[in-house]
Amino acid sequence: MGAEICVVCRPTSVPGEVVEGSTVAQCGRCGCDVWLAPSSRLIPFDMILCPACAVAETVGEEERQWAVTVASLHEAAAHLAKRRRRGN
């Protein structure tokens, strides 16, 4: 069986900027609202998790792998470039 693909998303309760086009989704474990970025919607994921639940899911799992998609890197670069243009 293939590995489960989980997307880790920032809770909406955590202050900070949100990537343009993000939508509100729910953590599949605790149900809290999280920001789901546009690039994350492009991959076939099995579950959305908040950071706290992602850590809890990995306790005792030696083989868990974490990855960042190319689309996520492009999205982050565009977001940072926009901030620089605004002077933030």
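Here the structure is a predicted model, which is why all the values come from computation and not from measurement. Residues: numbered from 1 along the sequence shown.
The backbone N or O of V14 sits less than 3.5 Å from a side-chain atom of R10, completing a donor-acceptor pair.
The environment of CD in E20 is sparse: at most 12 heavy-atom neighbours from other residues, nucleotides or ligands sit within 6.0 Å.
Scanning both residues, C32 and C50, for their nearest heavy atoms gives SG-CB, 3.7 Å. Across all their heavy atoms, V8 and A54 have their closest contact at CG2-CB, 3.7 Å. Scanning all heavy atoms of the two residues, the minimum distance from L36 to C9 falls at CD1-SG, 3.7 Å. Closest of all the heavy-atom pairs between E75 and P38 is OE2-CD, 3.1 Å.
Remark: S72 pairs with S39, T69 by the side-chain hydrogen bond (donor to acceptor under 3.5 Å, both in side chains) rule, at least two apart or across chains.
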- Query: Checking side-chain contact (heavy atoms from CB on, under 4.5 Å) for the pair L49/V7: CA distance, chi angles, key distance, verdict?
  - Reply: CA-CA 6 Å; L49 295 172; V7 177; over 6 Å; no
- Item | Verdict with reasoning, E17 to R86, per salt bridge (Lys or Arg N to Asp or Glu O under 4.0 Å) | CA-CA 13 Å; E17 293 188 45; R86 288 193 324 235; 3.1 Å; yes
- Decide yes or no on side-chain contact (heavy atoms from CB on, under 4.5 Å) for V34 and I48, but give the supporting numbers first. CA-CA 9 Å; V34 296; I48 298 170; 3.7 Å; yes
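Taking Ile, Leu, Val, Met, Phe, Trp and Tyr as members and joining any whose side-chain heavy atoms lie under 4.5 Å apart, directly or through other members, the hydrophobic cluster of V18 also contains V24, W35.
Legend: salt bridge (charged side-chain N to carboxylate O under 4.0 Å, His left out) pairs involving residues 28-43, not counting sequence neighbours, sorted by first then second residue: R29-E57.
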